[in-house]
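Predicted model, so just to flag it, every value in this text is computed and none were measured. A note on names: the letters A, B, ... follow the listed sequences, proteins ahead of strands, and every chain is numbered from 1.
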Number of protein chains: 2
Amino acid sequence: MMNTDYSRANLAEVLRGHGITPTHQRIEIAHALFSKMAHLSADQVLAIVNERHAETSKATVYNTLKLFVESGLVREVIVDPSKVFFDPNTDPHHHFYDIETGEITDIDAAKVSIAGLPELPPGKVAAGMDVIIRVKRAIA
Amino acid sequence: MMNTDYSRANLAEVLRGHGITPTHQRIEIAHALFSKMAHLSADQVLAIVNERHAETSKATVYNTLKLFVESGLVREVIVDPSKVFFDPNTDPHHHFYDIETGEITDIDAAKVSIAGLPELPPGKVAAGMDVIIRVKRAIA
DNA sequence: GCAGAGGTTAGACAGAGTCCAATTCTTATC
DNA sequence: GATAAGAATTGGACTCTGTCTAACCTCTGC
């Protein structure tokens, strides 16, 4: 996991480290995701980035989020139709999604196991797999 | 689980048994779902129902699928934004979704366990919970 | 500092799903 | 079988995410 320095200068280095040219817009989008350390939708990212001055277009936000997902900087969490969130925590973990409140809760990957799968020994779900458990009420 | 008689007459009875007024359109939608016993999208249901003669509107298909989900007749399987499927198999089970091929595979509910949750003893996920595991390649 | 690849942009577009007011159907009652 | 009232259906306009495009801008290596 990356360190906790969310300065623009450090974020630029993080992007370079992932082979991503650090432009203004990309740094602002990374800052929005990492400084909040929350599950954000594309729309929320767009709003945060343009809070003070409109400086980033919708197309760029979508392009950049896609790029970040491809390079492993953030994860995509799909919880509902037209509710895609981007999660800056790329440690192996999964999610509860409360279909009543819309709340998302992280679950340790080690807590989810699927029997009978050689690729996925019980007690550990392979990294990169995305387990979304939709519940009626958040269970902490 | 309901029996395997998918005649219109029997489907009408099944709908009544769930407190649903059996209209022509609803019976046709139920027939599409149960006779195929497959994961269908709203769009696919609309196409199947109007195969011979256009007789059911988009609004009705959406209304009816929502109604069926609420009354427990089918399950909603959300695999991707703008990829929602309706599953006539309401037995407790979960899904693998192959993000490369789009293929959906059923998994026995008993094979998925989440440790540390009193409501969900290991080895069995509570009915009504919906576990969607997104993988890169279908694992049978 | 230049060239050019790569990044950004506004706005048009696409597809899934929702909403609405008018119309049609179902069903309970007679 | 006719009737009335509530329930269901309809088409079309609308919304919301997300994609695409073609022109323009910016970053980087030389």
Kindly indicate, with the supporting measurements, whether the criterion side chain to side chain contact (heavy atoms under 4.5 Å, CB included) is fulfilled by B/Leu65 and B/Val69. CA-CA 6 Å; B/Leu65 288 172; B/Val69 169; 5.5 Å; no
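- Taking only side-chain atoms of A/Arg26, from C-beta outward, the nucleotide of C/dG17, C/dG7, D/dA8 with the closest atom is C/dG7.
- Where B/His24 and B/Tyr62 each meet DNA chain C at their nearest nucleotide, the meeting point lying more 5' is that of B/Tyr62.
- Of all nucleotides listed (D/dT9, D/dA8, C/dG17), D/dA8 comes nearest to the side chain of B/Thr21.
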Let me see the working for B/Phe85 and B/Gln44 under side chain to side chain contact (heavy atoms under 4.5 Å, CB included), right down to the final yes or no. CA-CA 9 Å; B/Phe85 291 89; B/Gln44 290 175 311; 4.0 Å; yes
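- Between B/Gln25 and C/dC25, a side-chain N or O to OP1/OP2 separation shorter than 4.0 Å is absent.
- The salt bridge (Lys or Arg N to Asp or Glu O under 4.0 Å) test applied to B/Glu13 returns B/Arg16, not counting sequence neighbours.
- For B/Thr60 and D/dT10, the shortest distance from a side-chain N or O to OP1 or OP2 is below 4.0 Å.
- No engagement by A/Ser41 is indicated, since no non-hydrogen atom pair under 4.0 Å with the nucleic acid exists.
- When each of D/dT10, D/dG18, D/dT17 is scored by its nearest atom to the side-chain atoms of A/Ala42, the top-ranked nucleotide is D/dG18.
- The side chain of B/Pro22 lies closest to C/dT27 when the candidates are C/dT27, C/dT18, D/dA8.
- Rounded to whole angstrom, the span from the CZ atom of B/Phe85 across to the C1' atom of C/dA16 amounts to 13 Å.
- Heavy atoms of B/Thr23 sit under 4.0 angstrom from primed sugar atoms or phosphate atoms, though from no base atom.
- Taken together through direct or relayed side-chain contacts under 4.5 Å among Ile, Leu, Val, Met, Phe, Trp and Tyr, A/Tyr62 and A/Leu33 form parts of separate hydrophobic clusters.
- If you measure from atom CG of A/Asp43 to atom C1' of D/dC16, you get 9 Å, rounded to the nearest angstrom.
- Judged by distance alone, with hydrogens and angles left aside, B/Lys58 brings a side-chain donor or acceptor within reach of the base of C/dG17, the pair sitting under 3.5 Å.
- A distance-only check finds no donor-acceptor pair linking the side chain of B/Thr64 to the backbone of B/Val61 [under 3.5 Å].
- Rounded to whole Å, the distance from CG on B/Leu15 to C1' on D/dA8 is 13 Å.
- With hydrogens and angles left out, the side-chain atoms of B/Ser7 and B/Asp5 include a donor and acceptor closer than 3.5 Å.
- Rounded to an integer number of Å, the gap from NZ of B/Lys66 to P of C/dA16 is 19 Å.
- Relative to the axis of its first five pairs, the axis of the last five pairs of the helix from C/dG1-D/dC30 to C/dC30-D/dG1 sits at 30°, rounded to 10 degrees.
- In the set D/dT10, C/dG17, C/dG11, the nucleotide with an atom closest to the side chain of A/Ala59 is C/dG11.
- Expressed to the nearest 0.5 Å, how far NE2 of B/His39 lies from OG of B/Ser41 amounts to 12.5 Å.
- Note: CG (B/Leu46) to P (C/dT18) measures 14 Å, nearest angstrom.
- Listed candidates were D/dT10, D/dT28, C/dT9. Nearest to the side chain of A/Arg16 is D/dT28.
- Distance CZ (A/Phe86) to P (D/dT17): 13 Å, rounded to an integer number of Å.
- Remark: C1' of D/dT17 and CG of A/Leu40 are 16 Å apart, rounded to the nearest angstrom.
- For the pair B/Arg26 (side chain) and B/Thr21 (backbone), a donor-acceptor distance under 3.5 Å is present.
- Closest-nucleotide positions on DNA chain C for B/Asn63 and A/Leu67 were compared, and the one nearer the 5' end corresponds to A/Leu67.
- In this structure, B/Ile27 atom CD1 and C/dT26 atom C1' are separated by 12 Å, rounded to whole Å.
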